Structures are given as C-alpha cells and as structure tokens.
Number of protein chains: 2
Amino acid sequence: MDAQPGRSVTSKVLALLDAFTPASPALTLSELARRAELPLPTASRRVAELVAWGALERGDDGRYRIGLRLWEVGSLAPRGLGLRELALPTMEDLYEVTHENVQLAVRQDAELVFIERIAGRHAVPVLTRVGGRFALHATGVGLVLLAYAPAEVHEQVLAAPLERYTPLTVTDPGRLRRTLAEVRRTGYAVSDRQVTMDALSVAAPICGPEGAVVAAISLVVAQHRADPVALAPLVQAAGRTISRSLGTSYGSRRSPG
Amino acid sequence: MDAQPGRSVTSKVLALLDAFTPASPALTLSELARRAELPLPTASRRVAELVAWGALERGDDGRYRIGLRLWEVGSLAPRGLGLRELALPTMEDLYEVTHENVQLAVRQDAELVFIERIAGRHAVPVLTRVGGRFALHATGVGLVLLAYAPAEVHEQVLAAPLERYTPLTVTDPGRLRRTLAEVRRTGYAVSDRQVTMDALSVAAPICGPEGAVVAAISLVVAQHRADPVALAPLVQAAGRTISRSLGTSYGSRRSPG
DNA sequence: GCGCCTATTTCACTCAGTGAAAGGCCGGCG
DNA sequence: CGCCGGCCTTTCACTGAGTGAAATAGGCGC
C-alpha cells in the first residue's frame with residue numbers, strides 16, 4: 001500500500017475517501033494528500049473532481065467533508081439502509097417496550113458494522129456510532145454474528161489476539177469458542193460488561209430468506225438493572241420478526257413511487 | 001456528458017456509482033456499462049477495483065450493488081448522519097407524542113434529500129425514501145427549505161415548471177411565492193394534500209449555529225384526522241430543540257470513544 | 001513591503017488506461 | 001454431445017490522461 005507512481009487512478013480516488021474516518025470527518029487538502037499518500041497536486045486534482053460530483057464538500061473553514069451525494073449513493077447499499085428500513089419498525093416496537101438502546105449490526109469480514117441504533121434519552125450511553133466498526137468478540141451483536149459466521153472468519157478472529165476492553169472481556173480463544181457454541185445452542189448472546197463496565201447487551205440473529213444469518217439485533221441496558229434471561233425472548237422475537245419481513249420483501253420488486 | 005474517450009478516469013468511476021438509483025439498486029455489468037456510457041471492458045476494470053475496495057458488492061445473482069464500505073464512508077457526511085444523530089432523539093420524542101410519521105430533510109441545490117424518517121406501523125404510508133430526493137415546492141419540509149433558501153434557489157425553482165402531484169399541488173409561481181412569504185412569517189409550513197390526496201404535512205425549520213436554516217423537520221399525518229394549526233407548535237418546538245443541540249455540538253470536538 | 005504556508009497551474013514526459021479482438025464461461029437447445 | 005449466444009474477462013499495441021517538479025497564485029501575520 002505504498003505510494004508508488006504506478007497506482008491506479010481509481011485506487012487514488014478511493015484512498016482519498018478512505019482518509020475520512022469517524023475520528024477525522026473533516027480534512028484539509030494537505031491532510032488528505034498525506035493520508036492518501038498522494039502528492040499534493042494529484043490530490044488537488046482528484047479532490048476537485050470529487051467535489052464537482054458531490055462526493056466531497058468544501059466547508060466554510062476550507063476543509064473537505066464527505067458530501068451529501070455520496071451519502072445518497074451509500075444509502076442504496078442493501079446491507080445498509082435496505083436492511084435498516086425493514087428492521088426499523090420492529091426496532092421501534094422493541095424500544096417502546098423496553099426504552100433501552102436497540103442496535104442493528106451486520107458483519108463485514110472479521111468486524112461488525114453498526115447499521116442503526118435507537119438510543120433513548122434515558123438509556124445508557126453507548127460508545128459506538130452508526131456507520132462505525134467494532135470487533136466481533138466482545139459485543140452481543142458481535143458474538144451472534146461471529147457464532148454464525150463461516151469457519152474462515154472464526155479462524156481469523158481466534159488466530160489474532162483478542163482485544164481487551166474491560167476486565168470481563170473474553171480474550172481466551174478456547175473460552176470464546178465455547179461461548180460461541182453456547183450462542184448457537186441457545187439462539188442468543190449475552191455480553192456482560194465485556195465492552196464497558198456499566199452495560200450489558202443481549203443479541204439475537206436475523207436471518208435472510210435463505211436462512212443464513214445476515215444481521216444481528218441487540219438491546220444494550222445498564223448492567224445493574226439487567227436480567228439477560230428475561231430480555232432474551234424479546235430480542236429473539238424481534239429478530240424473528242425482522243427475518244420474516246426480509247423473507248417477504250428482500251429481492252422482490254420495490255414498490256414504485 | 002457523452003462518452004468521448006477523453007473523460008477522466010475519476011469521472012468514469014463516479015459515473016458507475018451514479019448508475020445506481022433507488023429504482024435500480026442492483027445492476028449487471030453490462031447495465032452498469034450502458035448507464036455510465038462506458039465500453040464494457042472499461043466498466044469491467046473499474047468495477048473490479050470498486051469491488052476490491054468495497055464500494056460495490058457482487059450479489060449471489062451476479063449483479064452489483066452498492067457496498068457496505070461506501071455506506072460507511074457516506075455515513076460520515078456531516079449533513080447526513082451527523083445531523084441525523086443529533087436530531088433522532090427529538091424525532092423519537094415527537095413520534096412518541098403523535099405516533100405519526102416524522103421526517104428530516106435537507107436542501108441540496110434545488111431539491112430536498114430525506115435524511116431520516118420514523119414511520120410508525122399505524123401512520124399513513126409515505127412515498128418517499130430515506131436517501132431519496134424530491135422537489136422543493138410540494139412537501140412541508142420542501143416549503144420550509146425553499147422559504148429560507150438563497151434567492152438564486154428561488155429563481156431556479158420558480159423559473160422551471162412546477163410539477164403537479166395532485167390537483168391541490170401549487171404550480172403557480174406567484175401563489176408559491178406568497179406561500180413562501182407566509183412560511184417565513186409564521187415559521188412553519190403546511191402542505192395539504194399537495195403530494196398525495198390522503199396526507200398532509202406540517203414542517204418547521206432547523207437552524208445551525210450561525211442561524212441559517214440547515215434542515216427541516218415535519219410530521220406527515222392522514223389528511224382526514226389532521227389539524228395543522230394544532231400540530232405546528234409541536235413541530236416547531238422539535239425544530240428549536242434540534243437547533244439548540246446543533247448549536248452546542250456542531251463543529252465542536254466529537255467526544256472520543 | 002516580506003516571509004511563510006497552502007493550494008493551483010504549467011509543461012514536457014510516460015505509464016495507466018484504452019479499444020478491438022480474442023478468449024473463457026455457462027446454460028440452453030437441437 | 002456439440003454448437004450457439006449472451007456475458008464477462010483478458011490480451012496486446014497504442015496513446016493521451018495523469019504525472020511530478022517547478023513556477024505561480026492566494027492568504028495571513030507582522
């Protein structure tokens with residue numbers, strides 16, 4: 001991934017988009033050039049084209065941000081908003097019953113991506129961000145997604161060192177493997193203070209029309225008032241409801257208008 | 001926009017992304033090539049690079065879709081999810097009070113883009129789509145965004161013929177101009193059966209820290225049970241609440257973690 | 001005015017991208 | 001089985017879009 005002159009133009013354009021992260025959503029041209037490992041004139045030219053199309057926007061402060069046009073196109077991702085739109089009504093139902101954080105995530109390679117979150121005013125604050133990534137081995141949704149992932153993903157996750165977020169994070173591969181077997185047996189996952197010491201999450205799988213697990217839904221609640229066993233059926237029911245709506249509407253024609 | 005060989009590579013890549021629309025979120029390579037006005041081999045090469053990066057994904061049916069990675073990057077757009085995340089709690093409050101559709105939109109040139117919608121199970125169905133565009137002159141959010149838009153946007157909208165969606169759509173430029181003045185006077189907009197004959201929307205502005213209108217929020221309700229004058233204060237209050245949270249958190253540092 | 005930083009433009013060079021054609025791949029059909 | 005036809009990828013020689021170095025153009029402080 002070094003900046004040899006022989007890089008394709010496309011990869012340069014994409015490297016410029018890659019430069020934007022949740023931690024740095026606004027960048028000057030020179031910052032962009034450095035992060036994308038491009039000479040400044042080249043960055044200037046590519047950025048100008050991206051701005052003309054609407055993929056980037058130049059703010060009043062002269063820094064560049066991701067443009068609305070790119071957000072529009074990105075919202076067409078079937079695993080992003082497509083899934084989201086089908087899941088949202090059920091997530092709202094779950095929120096109204098519990099008034100706790102409701103999260104929706106999918107697996108991307110050996111990480112998870114949060115697709116949607118309903119964060120009530122009175123629920124515990126959550127660290128993560130919609131559109132953000134996270135490791136698979138600690139969160140409730142992560143454990144569900146990992147439990148039903150293909151073997152090569154298991155290998156990949158279990159081979160690398162498991163990052164520790166709290167003293168309760170499972171970092172032993174053998175123990176994680178047993179946890180995953182338990183998740184498959186019961187059909188839900190509990191992550192008790194494995195990400196932060198004040199929260200606990202209960203997650204259940206969402207299956208696509210072919211039966212494969214395509215996403216996971218979870219409730220994140222304050223650890224002290226949590227009863228994971230009581231919450232599990234609620235979350236599982238929501239997961240099944242969304243699975244059913246996926247079965248009926250996924251792949252079928254979109255209603256026009 | 002013809003396909004002369006002299007097009008820049010960047011524009012070809014972006015044309016491929018442009019090929020995806022809400023009406024056609026999945027395309028074969030040849031469809032992509034045709035829509036982007038590219039020779040098939042060129043499209044094949046560019047698409048391969050986009051797939052490698054994650055901007056596109058190839059489904060089981062062999063068709064290409066927008067990839068999750070592009071959705072992730074797009075979600076960094078400050079006018080997309082950034083605004084959305086600040087507005088969502090207030091939108092949920094408004095939904096819990098009314099149990100009607102709550103919408104959030106921003107203006108992009110002479111159109112509006114829906115950023116978020118809470119669509120309850122029992123609310124009237126809405127035609128529009130999150131991530132979708134719509135004309136400014138018919139919807140409640142559109143009237144608000146247009147009312148507070150710069151003069152050149154007014155010119156542009158009023159110069160072009162105003163599309164008619166229902167018999168009640170305002171298509172006379174003079175009448176629209178008077179409507180916009182009324183919106184600015186009262187601080188809210190009502191679109192009564194101007195988009196569909198069964199729905200009515202009430203919208204209010206959301207202001208950024210500098211006082212400019214950056215977005216609009218609306219309630220969409222069944223026309224027969226609607227009392228726009230009673231709903232207006234609710235929507236306006238929600239708009240002001242979001243404006244305040246924009247004032248405190250926009251531009252300031254994002255909390256880490 | 002002058003220095004400093006950042007962004008854009010110029011210019012000659014050259015390699016990434018190109019199209020035409022050939023080559024896989026797959027599924028249908030006689 | 002073999003042939004066709006649609007669909008995508010690869011090969012190959014060519015060429016112009018993209019390139020870097022350097023010059024140029026803003027912005028800002030002093």
Side-chain angles (χ1 to χ4, degrees), chain A residues 1-21 23-67 70 78 210 251, chain B residues 1-21 23-67 70 78 210 251:
Chain A
M1 299 276 176
D2 47 353
Q4 66 230 337
R7 283 167 74 187
S8 76
V9 177
T10 309
S11 81
K12 293 173 193 173
V13 170
L14 296 174
L16 285 169
L17 298 183
D18 252 335
F20 292 91
T21 64
S24 60
L27 298 166
T28 65
L29 183 57
S30 41
E31 284 170 335
L32 264 170
R34 186 164 31 77
R35 285 167 182 257
E37 301 183 19
L38 292 174
L40 220 152
T42 298
S44 171
R45 286 183 270 241
R46 299 297 129 248
V47 165
E49 286 189 279
L50 289 168
V51 168
W53 187 78
L56 299 182
E57 289 175 346
R58 184 168 208 171
D60 300 332
D61 56 358
R63 295 196 294 175
Y64 293 94
R65 283 155 235 266
I66 297 293
L70 200 65
E210 298 87 7
Chain B
M1 297 279 179
D2 47 350
Q4 64 228 337
R7 281 167 76 188
S8 77
V9 177
T10 309
S11 82
K12 293 173 192 172
V13 170
L14 296 173
L16 285 170
L17 298 183
D18 252 335
F20 293 90
T21 64
S24 59
L27 298 166
T28 65
L29 183 59
S30 40
E31 285 169 334
L32 263 171
R34 187 164 32 76
R35 284 167 183 258
E37 300 183 19
L38 292 174
L40 219 152
T42 298
S44 172
R45 287 183 270 242
R46 297 299 127 247
V47 165
E49 287 188 279
L50 289 169
V51 169
W53 187 78
L56 300 182
E57 288 176 346
R58 183 168 207 168
D60 299 332
D61 56 357
R63 295 196 295 174
Y64 294 95
R65 282 155 236 267
I66 297 293
L70 200 65
E210 299 86 6

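Predicted, not measured: the structure shown is a model, and the values here were computed from it. Sequence lines set the chain letters: A, B, ... in the order given, protein chains first and strands last, and positions in each chain run from 1.
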Note the angle between the end axes of the helix from C:dG1-D:dC30 to C:dG30-D:dC1, five pairs defining each, rounded to 10 degrees.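 Axis angle across the helix from C:dG1-D:dC30 to C:dG30-D:dC1, nearest 10°: 30°.
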Only counting residues at least two apart or in another chain, list the ones meeting side chain to side chain contact (heavy atoms under 4.5 Å, CB included) with A:R63.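 Side chain to side chain contact (heavy atoms under 4.5 Å, CB included) list for A:R63, sorted by chain: A:A26, A:T28, A:D61, A:R65.
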Listed partners of A:T10 passing side chain to side chain contact (heavy atoms under 4.5 Å, CB included), at least two apart: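 A:T10 satisfies side chain to side chain contact (heavy atoms under 4.5 Å, CB included) with A:S8, A:L14, B:V9, B:V13, B:R46, B:E49 only.
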It should be established whether B:R7 places a side-chain nitrogen or oxygen under 4.0 Å from OP1 or OP2 of nucleotide D:dG16.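 Looking at the OP1 and OP2 atoms of D:dG16, neither is under 4.0 Å from any side-chain N or O of B:R7.
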Would you please confirm or rule out a distance under 4.0 Å between OP1 or OP2 of D:dA17 and any side-chain N or O of B:K12?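 Negative; the distance criterion is not met.
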Measure [atom1]/[X] against [atom2]/[N] and give the value in whole Å, please.
| X | N | atom1 | atom2 | value |
| --- | --- | --- | --- | --- |
| A:D61 | C:dA7 | CG | P | 12 Å |
| A:L16 | D:dG18 | CG | P | 14 Å |
| A:R46 | C:dA7 | CZ | P | 17 Å |

Could you pull out all residues at least two apart from A:R35 that satisfy side chain to side chain donor-acceptor pair (under 3.5 Å)?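 Once residues adjacent in sequence are excluded, the partners of A:R35 under the side chain to side chain donor-acceptor pair (under 3.5 Å) criterion are A:S24.
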For A:R58, all residues meeting side chain to side chain donor-acceptor pair (under 3.5 Å), sequence neighbours excluded: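 With sequence neighbours excluded, A:R58 shows a side chain to side chain donor-acceptor pair (under 3.5 Å) to A:Y64, given in chain and number order.
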Calculate, to the nearest 0.5 Å, the distance between atoms [atom1] and [atom2] belonging to [X] and [Y] respectively.
| X | Y | atom1 | atom2 | answer |
| --- | --- | --- | --- | --- |
| B:L50 | B:E57 | CG | CD | 12.0 Å |
| B:L40 | B:R45 | CG | CZ | 10.5 Å |
| A:L17 | A:L32 | CG | CG | 9.0 Å |

Considering all heavy atoms of both residues, which atom of A:A15 and which atom of A:R7 are nearest to each other, and what is their separation?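 A:A15 and A:R7 have their closest heavy atoms at CB-NH2, 3.3 Å.
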Identify all pairs in which a protein N or O lies below 3.5 Å from an N or O of nucleotides 6-12 of chain D, and state each distance.
unit_1	atom_1	unit_2	atom_2	d
D:dC8	OP1	B:L29	N	3.4
D:dC8	OP2	B:S30	N	3.1
D:dC8	OP2	B:S30	OG	2.8
D:dT9	OP2	B:S44	OG	2.8

